[in-house]
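Okay, so here's the structure we're looking at.
One-based numbering, in listed order, for ligands and for the atoms of each.
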Amino acid sequence: MTAIDRPIPVHAPLSQFPVRDGELVVGGMPLSQLAARVGQTPFYAYDRAQLRNRVAELRTALPASVKLHYAMKANPMPAVVGLMAGLVDGIDVASAGELKVALDAGADPQEVSFAGPGKRESELRQAVASGVLVNLESMREVHLLAQISQDLGLAARVAVRVNPDFELKGSGMKMGGGPKQFGVDVEQMPELLAAIGAAGLAFEGFHLFAGSQNLRPESICEAQQKSYALAVRLADSAPQPVRFLNLGGGFGIPYFPGEQRIDLQPIGDNLAALAERAKTELPQAAFVIELGRYLVGEAGVYVASVLDRKVSRGQVFLVTDGGLHHHLSASGNFGQVIRKNYPVAIGNRMGALDTEPASVVGPLCTPLDLLGDRMVLPRAEEGDLVVVFQSGAYGASASPQGFLGHPACVEVLV
Ligand SMILES: *Cc1c(COP(=O)(O)O)cnc(C)c1O
């Protein structure tokens with residue numbers, strides 16, 4: 001087959017948002033009406049029904065005994081965290097700031113866990129006083145937690161985040177295996193576990209997180225199997241029985257042409273098999289899966305207005321009021337190696353036949369401010385609404401809003 005015969009990769013179909021009378025419908029409302037309701041562009045809109053559907057799909061595919069946690073760094077908007085707190089079994093936080101949002105949202109502290117390298121002493125104190133589980137990541141944290149437990153008269157609840165001796169194949173971002181700032185190397189575990197026992201901390205189990213944005217179920221299953229086997233091995237030197245085993249997550253969503261949604265079935269089957277083995281090997285352990293992007297990413301859109309339509313040497317540029325200062329990921333500057341286009345549409349001209357290649361750019365004085373590079377879009381004019389899909393995760397909170405002094409975006413849960 002020559003390069004010419006190969007099918008051109010396209011974006012996975014974005015059927016999660018209906019279209020009515022040529023307008024994208026988000027949160028049950030045509031996009032132009034929603035823009036009027038919000039009162040400005042640019043904005044992010046997150047669709048409640050889709051967040052609920054996604055959790056329901058996971059509940060169907062995964063064994064009932066597996067707890068589902070929301071890693072709120074993917075989308076920390078308080079209203080989103082509030083909704084998710086009522087849908088999932090627990091919230092994973094990575095700072096005291098996130099801890100506050102989770103607790104304000106009504107999350108049960110028993111089911112909140114706090115991970116992250118470099119936790120400040122004040123953050124650890126807040127975590128112990130809150131009664132949440134600390135995923136500890138160094139010997140320093142053991143010593144600090146011992147002191148804090150004594151001061152407060154409360155034994156810190158801890159799990160150990162392990163930096164495993166394997167990697168999650170095919171991940172967008174690797175967060176375990178090899179030298180890492182995350183977790184404690186397997187080789188150092190005997191010493192660390194002994195120190196936890198000696199310090200009288202309330203040991204509950206292990207946390208393994210191998211990586212993020214993975215679209216290959218077989219890689220995810222393999223990482224879960226290896227994580228499970230490692231936990232069984234480490235349980236022998238643990239000061240107390242393992243009651244909590246966080247096997248990570250890393251489920252990806254399709255962003256770029258050629259990518260497809262992951263099939264949950266093999267992952268569910270794999271977890272069911274591991275849960276069966278755990279009945280004898282780790283009889284007190286509850287499995288946890290922590291997901292961020294997979295839970296919220298597809299439920300969100302970013303919407304900006306076309307301010308200007310420019311043609312430069314034959315190439316069309318739609319200059320919008322939104323850009324990388326609100327949506328760094330879509331511009332390709334948040335961990336991507338090669339810049340590729342997120343799915344983009346003109347939300348008030350859905351299905352229009354009059355198409356042309358156009359680049360969608362923002363108002364910032366930098367060529368990095370590119371939301372869509374030469375995409376085939378309906379011919380758009382000033383005032384039209386550009387939609388960037390797959391924008392529910394790592395959007396507003398993961399973007400440099402202060403860069404260049406343009407107005408902030410607004411977020412709504414609809
Ligand atoms: C970022 C992170 C997550 C969430 O990752 P997603 O790719 O958004 O699912 C989960 N756990 C830990 C420890 C993380 O750092």
Side-chain angles (χ1 to χ4, degrees), residues 46 51 54-55 57-58 62 66-77 80-81 84 88-95 97-99 102 111-119 123 127 132-138 141 158-164 167-177 180-184 205-217 219-220 223-224 227 244-255 259 261-262 264 267 287-300 328-329 334-336 390-399:
Y46 315 117
L51 293 169
R54 184 44 68 97
V55 173
E57 274 166 28
L58 278 160
L62 306 186
V66 172
K67 290 186 177 176
L68 186 58
H69 278 203
Y70 173 47
M72 64 170 277
K73 82 166 187 279
N75 188 328
M77 183 198 186
V80 169
V81 178
M84 297 306 287
V88 298
D89 302 305
I91 305 284
D92 291 338
V93 304
S95 68
E98 287 193 350
L99 176 61
E111 299 293 338
V112 171
S113 55
F114 181 3
K119 301 181 195 75
E123 293 183 298
V132 304
L133 182 70
V134 177
N135 291 332
L136 61 79
E137 312 213 9
S138 74
E141 292 186 356
V158 300
V160 182
R161 180 168 183 184
V162 185
N163 178 23
E167 292 193 333
L168 177 52
K169 288 182 204 131
S171 267
M173 277 189 210
K174 290 193 171 65
M175 291 179 65
K180 288 282 179 301
Q181 74 266 48
F182 308 110
V184 177
F206 297 108
H207 172 215
L208 289 114
F209 182 73
S212 183
Q213 179 53 18
N214 199 309
L215 290 168
R216 288 161 43 182
S219 304
I220 293 171
Q224 288 171 346
S227 299
F244 167 96
L245 179 54
N246 185 333
L247 290 170
F251 303 8
I253 60 172
Y255 286 107
E259 293 182 342
R261 290 191 172 74
I262 51 173
L264 291 175
I267 301 173
F287 285 2
V288 175
I289 294 293
E290 56 178 359
L291 299 173
R293 182 194 319 271
Y294 189 77
L295 289 173
V296 295
E298 301 211 52
L328 190 67
S329 321
F334 190 72
Q336 291 97 318
Q390 309 298 75
S391 296
Y394 305 108
S397 71
S399 300

Side-chain donor or acceptor of [X] paired with backbone N/O of [Y] under 3.5 Å:
X: Gln390; Y: Pro254; result: yes
X: Gln336; Y: Phe334; result: yes
X: Ser399; Y: Leu328; result: yes
X: Arg54; Y: Tyr294; result: yes

For [atom], what is the closest protein heavy atom, and at what distance to 0.1 Å?
atom: atom 9 (O) of ligand 1; result: Gly292 N, 2.9 Å
atom: atom 7 (O) of ligand 1; result: Ser212 OG, 2.5 Å
atom: atom 1 (C) of ligand 1; result: Lys73 NZ, 1.2 Å
atom: atom 11 (N) of ligand 1; result: Glu290 OE2, 2.9 Å
atom: atom 10 (C) of ligand 1; result: Phe209 CE1, 3.3 Å

Quick check: Leu291 and ligand 1, any N/O pair under 3.5 Å apart? no
Would you say that more than 12 heavy atoms from the other residues, nucleotides or ligands in this model lie under 6.0 Å from the NZ of Lys67, or not? no
Atoms of ligand 1 close to His207 [distance to a heavy atom under 4.0 angstrom, numbered from 1]: 13 (C)
Ligand 1 versus Tyr394: contacting region, heavy-atom distance under 4.0 Å: side chain
Ligand 1 contact on Ala71 by region, counting heavy-atom pairs under 4.0 Å: side chain
Qualifying residue for side chain to side chain contact (heavy atoms under 4.5 Å, CB included) with Leu208, from Asn163, Val160, Asn246, Leu245: Leu245
With a 4.0 Å cut-off, would you call Lys73 and Glu98 a salt bridge? no
